[in-house]
Amino acid sequence: MEKIHYCTLFDSNYLDKGMVLGNSLNRVSDNHILYILAMDDKCYEILQKENIKNTVVIRLSDFLSQELEKIKNERSRAEFCWTCTSHLINYIFETFDAKICTYVDADLYFYSNPAVLIEEMGKCDAQIVEHRFTKRISDRVSRNKSGKYCVEFNTFKNNKGGRQLLSWWMQKCIESCSITSDSTVFGDQKYLEKWGNKSNVSVLKNLGGGVAPWNIGQYRFVKKVGDTIVMRKGSSKFSLVFYHFHNLNYLDKDHANINVYKRNWKTDARLVKTVYDPYLKEIDNTKDMLEKKYGFYPLLIEHPAKAQAHTKGIRGYIKDFSWMDFLKAYVLVEGKVKSRINASKDIININNVRSGR
């Protein structure tokens with residue numbers, strides 16, 4: 001049976017999350033290759049020494065074209081990573097002759113074999129995943145800002161249709177991958193808006209793929225059987241395939257901000273604990289190992305451009321005053337109130353996770 005090809009990219013600041021991603025995939029699959037583009041030398045050197053099963057590590061200098069080399073010096077770290085996403089998939093096609101390849105974000109964690117998600121695309125040439133925002137006012141603003149679809153688990157076939165879609169996305173990312181407040185593309189993400197109605201693009205239906213902080217409030221915990229987490233949305237039950245630990249930031253070695261509760265006060269605390277505690281423990285163990293073996297403790301610092309984009313206020317993502325300005329003004333007020341109520345629940349004491357409390 002031909003191996004399933006996945007690819008991801010990250011630098012040394014994300015090394016703990018990227019390694020945990022690879023290990024989680026190995027637990028649920030024994031028929032895959034994960035290609036990792038190491039975005040700096042430290043990341044490459046450590047990954048080579050760790051030699052994670054079923055992974056191929058790619059050195060950045062081996063990956064860069066002249067065009068990407070030029071762009072690297074013109075864009076922020078985050079913007080350059082987004083620029084490389086589509087090009088990495090293309091690199092896997094051309095270098096390793098993969099028939100199909102799925103890009104996965106480095107802060108994903110797999111609970112069951114994601115092959116079932118890829119199988120869902122059938123004869124389509126590509127597959128994308130919705131953010132699955134609700135119709136709440138705050139979620140409507142989030143969708144306007146970041147788009148209907150998420151670059152987190154994106155599959156392309158190495159055929160004419162898949163390569164045409166991929167080539168278009170690559171070119172658009174060369175033009176811009178900005179996330180500044182006046183940007184209309186939100187990195188590499190909002191380009192996918194044009195694909196949702198294409199007959200050769202599959203939009204993932206399996207609820208087990210794409211659960212994340214921005215939509216976890218819609219779901220409720222049912223049970224955990226071994227490593228399988230069963231959830232429900234309304235009366236529909238499903239097993240979690242992967243969770244996207246987006247915007248999980250460490251404040252220091254003993255405290256992390258999971259950025260979940262401030263989004264929705266109805267979030268199921270039992271579900272959050274079931275999902276987050278094991279992940280935080282594994283991340284903590286990986287950080288500890290990296291520090292002891294390599295004298296390196298990964299702590300991601302949010303890029304100033306991203307922080308700026310989140311603090312521009314009402315006019316942050318539109319140019320002209322419109323009804324959306326009023327909508328954003330409402331959400332800013334609503335968000336501040338909810339954040340004050342729920343922010344403390346988002347701060348996790350890692351010592352409690354370590355002790356199993």
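What you see below is based on every heavy atom in this structure, not just the backbone, and it leaves out hydrogens, waters and symmetry mates.
For the residue pair Arg27/Tyr109, the side-chain donor-acceptor check at 3.5 Å is satisfied. Looking only at atom types and distance, the side chain of Tyr35 has no donor-acceptor partner in the side chain of Tyr91 under 3.5 Å away.
For Tyr103 and Phe153, the ring centers are positioned 6.0 Å apart or more. Less than 6.0 angstrom separates the ring centroid of Phe238 from the ring centroid of Tyr219.
Residues Thr83 and Ile71 share a closest heavy-atom pair of CG2-CG2, 4.3 Å.
Both tests hold for Lys17 against Tyr14: distance to the six-membered ring centre under 6.0 Å, angle to the ring axis within 45°.
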Atom pairs and distances, donor-acceptor, side-chain atoms in residues 53-69, under 3.5 Å, two or more places apart:
| residue | atom | partner | partner atom | Å |
| --- | --- | --- | --- | --- |
| Asn54 | ND2 | Asn26 | OD1 | 2.9 |
| Thr55 | OG1 | Ile52 | O | 2.6 |
| Ser65 | OG | Leu68 | N | 3.2 |

Do any side-chain atoms of residues 36-48 form donor-acceptor pairs under 3.5 angstrom with protein atoms, and if so which ones, sequence neighbours left out?
| residue | atom | partner | partner atom | Å |
| --- | --- | --- | --- | --- |
| Asp40 | OD1 | Lys42 | N | 3.4 |
| Asp40 | OD1 | Cys43 | N | 2.8 |
| Asp40 | OD2 | Ser12 | N | 3.0 |
| Asp40 | OD2 | Ser12 | OG | 2.9 |
| Tyr44 | OH | Gln48 | NE2 | 3.2 |

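Annotation: side chain to side chain donor-acceptor pair (under 3.5 Å) contacts of Asp30 (sequence neighbours excluded): none. A search for side chain to side chain donor-acceptor pair (under 3.5 Å) contacts involving Asn200 returns Asp125, not counting sequence neighbours. With sequence neighbours left out, the salt bridge (charged side-chain N to carboxylate O under 4.0 Å, His left out) criterion links Asp16 to Lys287.
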Exercise for review: Check the pair Arg354, Asp254 against salt bridge (charged side-chain N to carboxylate O under 4.0 Å, His left out), reporting the backbone distance first and the verdict last.
Suggested key: CA-CA 10 Å; Arg354 292 169 184 147; Asp254 296 322; 2.8 Å; yes
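One finds the CD atom of Gln171 at 7.5 Å from the NE2 atom of His87 (value rounded to the nearest 0.5 Å).
By the 4.5 Å side-chain criterion applied to Ile, Leu, Val, Met, Phe, Trp and Tyr, Val230 is assigned to a cluster that also includes Val222.
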